[in-house]
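Data block below; observations after.
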Amino acid sequence: MTNEKELHGYYAGLRSKFMVIIFFIAFIPLMLLGGTTYYYYSTTVKEKIRNELKLITKNRKDTIDLFLNDRANCLSVLAYTHSFDFLKKKENLLNSFQLSKRVCSAFQDMGIINSDGEQVAYIGPYHLTGKQYSTADWFKAVMKKDVYISDVFLGFRKVPHFIIAVKRMENGKPWILRVTIDINRINHFMSTALLGKGGSDAYILSLEGIYQISGADTDRILTKSDFKMPSVFRGIKEKEKHYGGKTLLCAKAWLKNNDWLMVIEQDLQYELGPVVHVKNTVLLIFIISSFIIVISTIFITRRVFAKLEKMGLEKLQLREQLVRSDRLAAIGKLASGIAHEINNPMAVISEKAGWIGDLLTEEDVKNSPNYDELIKSTQDIKKHVQRGKKVISRLMGFARKEDIAHKNVDINSVLDETHDFMNKKAMFQNIALMKEFQPDLPSIVTDGAQLQQVFINIVNNAIDAINKDGVIRLITKAKDGGVLVSIVDTGPGMPKETQTKIFDPFFTTKPVGKGTGLGLSTSYGIVEKLGGQLTVESEVDKGTTFHIALPPTCIKESEV
Ligand SMILES: Nc1ncnc2c1ncn2[C@@H]1O[C@H](COP(=O)(O)OP(=O)(O)O)[C@@H](O)[C@H]1O
Ligand SMILES: [Mg+2]
């Protein structure tokens, strides 16, 4: 990395990588924890609902089977303990009916049918005495089976019902005792099987898939259901099925000697309320934690990386400073070598020019028409030699080692002198040179004369930069036991590109003859020799500030 921009890019890239890694490290356990908590909780709850449903289904199956068997047994006892002739008398049948109703509730009516299929006696709410049943399915079935429990049908009464019929042989002839069962009783058993309020259903289907007991929806009784009828099995079967966008838990069991299929369905969504709650809570915790992680990660990495970047920048600046100092030292050495070599010829040129000047004043040359021209030329030679000497002496400033004075210096008074010295020039260009000194500034041990040169260089540059109409502020402040001098101008400022070059020897933006490009490089060398730091801050169209940070004591040459 060679500049601030690259450094910034490097740290920005590193920071992004770092953030991504932290996010992953923090998110993965969080997601695992949330996911497994939810998964185990929901499977446990589902398992519980499943077991509950199985238990209820088994319970209802047993109840209904028992109910039907009880009624069939009751009827058998009645048929086998009474003769046909006895029961065909209406009052006898009525007695028997009332007696049996006491033991076996849910009997709606009772009839006795002879071997020809004619109902010879009937007790019940309808008028069914004398009805002919020889063609009825149930009649044919009971003739074969002795005891028969029918499917639900409409019959003569045109109301859904089912019957239990018992056949008895008497004197070689069969007769039948038959009762009608109130289907509401079984409907009641079924509706109490429902687990929750919503989304559940319980019903009984015949072998052909016809609704026998329809549960809550009475309209569908005796209609065909679209339930896929399973083959006969023992016990309870239960499975999850998806139907119309819902997830149903469906339990089934065969009843009544595998004639009827009982189905109990439970909409899981209604039962999984607590699971949804847990899911939402887990999600909420996840979101809040994520938010905290994101915010804190961004905050912490930003802070850490800002610090790192600052450190990196300081290191970079230090390296730049070192490179610059090295370069200055090398140039200084070279310059002092050259200066030595050139100083002598310069002195000779100057002396000879003086001598020529003196000779020119003699009579015969004075009368020459070129006299004035010659005099001006010798003066020009002297002037330019002086300029050359000045450049050489400044160049030698890089390499000067011996001449640092160590005195208690009051920086405010040094700047006072700078002010007095430069004010005339500034006023001439309508520039206000202002003093903003901290009054109780600590005095520092340094070289006042060399600092004066630095201040003058900088103020001179500021005046040149402003050119006309502006302000230059000379500010002093105590800082870290030493002093910070800031020279602020309202000049045109410098682009970043220029700022990186201004401390280089011979860098100038001024026309030839006006600028040497040595002012700031010399100043930089001096401030560094005094153990301080010279830095620049500048913005185009706003102005420039030079900071000269000086330590309480400058390091003595001997200590270096
Ligand atoms: N206050 C300032 N405002 C704008 N530019 C400046 C300022 N001070 C210095 N510079 C720039 O820095 C260059 C180098 O300055 P310096 O080393 O003193 O050499 P010189 O003054 O001979 O050009 C100047 O030519 C000028 O471009
Ligand atoms: Mg200058």
Side-chain angles (χ1 to χ4, degrees), residues 320-321 323-325 327-332 334-335 339 384 386-400 415 418-419 421-436 450-475 484-530 532-549:
E320 270 171 17
Q321 259 172 36
V323 169
R324 191 170 285 146
S325 311
R327 201 161 49 199
L328 286 184
I331 290 177
L334 182 76
H384 285 281
Q386 276 310 315
R387 217 178 109 201
K389 272 186 171 170
K390 224 160 132 187
V391 170
I392 286 162
S393 86
R394 290 186 101 172
L395 266 176
M396 285 176 78
F398 292 125
R400 271 206 299 264
L415 274 169
T418 314
H419 181 271
F421 195 60
M422 300 303 294
N423 203 27
K424 234 195 192 119
K425 186 176 172 189
M427 267 163 50
F428 194 64
Q429 287 173 238
N430 199 24
I431 295 166
L433 192 57
M434 325 242 283
K435 294 188 275 188
E436 294 174 24
Q450 294 207 35
L451 274 180
Q452 186 65 265
Q453 195 193 330
V454 172
F455 299 152
I456 287 173
N457 276 344
I458 294 173
V459 173
N460 239 328
N461 280 345
I463 292 173
D464 287 348
I466 294 173
N467 191 27
K468 230 172 170 54
D469 306 330
V471 179
I472 299 169
R473 296 154 66 203
L474 309 174
I475 305 169
L484 177 71
V485 178
S486 303
I487 299 174
V488 186
D489 71 54
T490 55
M494 293 172 260
K496 273 253 153 2
E497 179 76 19
T498 311
Q499 284 176 46
T500 58
K501 293 183 195 150
I502 55 171
F503 297 116
D504 290 349
F506 304 113
F507 173 80
T508 179
T509 56
K510 294 169 192 172
V512 184
K514 186 122 205 298
T516 56
L518 287 172
L520 286 178
S521 49
T522 314
S523 302
Y524 191 92
I526 292 172
V527 174
E528 199 166 65
K529 261 196 288 184
L530 298 177
Q533 258 187 337
L534 174 60
T535 51
V536 66
E537 259 178 64
S538 184
E539 208 173 317
V540 175
D541 292 337
K542 288 246 169 84
T544 306
T545 302
F546 281 92
H547 297 288
I548 305 113

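Since the structure is predicted, the reported quantities are computational estimates derived from the model, not experimental observations. Atoms within each ligand, like the ligands themselves, are counted from 1 in listed order.
Summary of contacts: the protein heavy atom closest to atom 14 (C) of ligand 1 is Phe507 O, 3.3 Å. If you check which protein heavy atom lies closest to atom 4 (C) of ligand 1, you get Ala465 CB, 3.6 Å. Counting protein heavy atoms only, atom 26 (C) of ligand 1 is closest to Thr509 OG1, 3.4 Å. Among all protein heavy atoms, the one lying closest to atom 21 (O) of ligand 1 is Lys510 NZ, 2.7 Å. Closest protein heavy atom to atom 10 (N) of ligand 1: Met494 SD, 4.2 Å. Counting only heavy atoms of the protein, atom 8 (N) of ligand 1 lies nearest to Asn461 CB, 3.3 Å. Counting protein heavy atoms only, atom 12 (O) of ligand 1 is closest to Ile502 CG2, 3.2 Å. Looking at atom 1 (N) of ligand 1, its nearest protein heavy atom turns out to be Asp489 OD2, 2.8 Å.
Distances from the Mg ion (ligand 2) show that Asn461 has an N/O/S atom below 2.8 Å.
Gln499 contributes a side-chain N or O that, together with a main-chain N or O of Met494, makes up a donor-acceptor pair within less than 3.5 Å. Of the possible donor and acceptor atoms, none in the side chain of Thr544 sits under 3.5 Å from a partner among the backbone N and O of Ser538.
Of the polar atoms of Leu520, at least one N or O is found under 3.5 Å from an N or O of ligand 1, judged by distance alone. The shortest N or O to N or O distance between Ser521 and ligand 1 is not under 3.5 Å. Not a single N or O atom of Thr498, backbone or side chain, sits closer than 3.5 Å to an N or O atom of ligand 1.
At least one heavy atom of Phe546 sits closer than 4.0 Å to an atom of ligand 1. Heavy-atom separations between Gly517 and ligand 1 include at least one value shorter than 4.0 Å. The closest approach between any non-hydrogen atom of Asn457 and ligand 1 is not below 4.0 Å.
Close approach of ligand 1 to Thr516 is summarised as follows: ligand atoms under 4.0 Å from at least one heavy atom of the residue are 22 (O). Those atoms of ligand 1 that come under 4.0 Å of a heavy atom in Gly515, given as number and element, are 22 (O).
Screening Leu534, Ile526, Val527 against Leu530 for a side-chain contact (heavy atoms from CB on, under 4.5 Å) leaves a single residue, Ile526. Val459 pairs with exactly one of Asn457, Ile456, Ile463, Asn461 by the side-chain contact (heavy atoms from CB on, under 4.5 Å) rule, that one being Ile463.
Atom NZ of Lys425 sits in a crowded spot, with more than 12 heavy atoms from other residues, nucleotides or ligands closer than 6.0 Å.
Identified under the salt bridge (charged side-chain N to carboxylate O under 4.0 Å, His left out) test for residues 498-511, with sequence neighbours left out: Arg327-Asp504, Asp464-Lys510, Glu497-Lys501.
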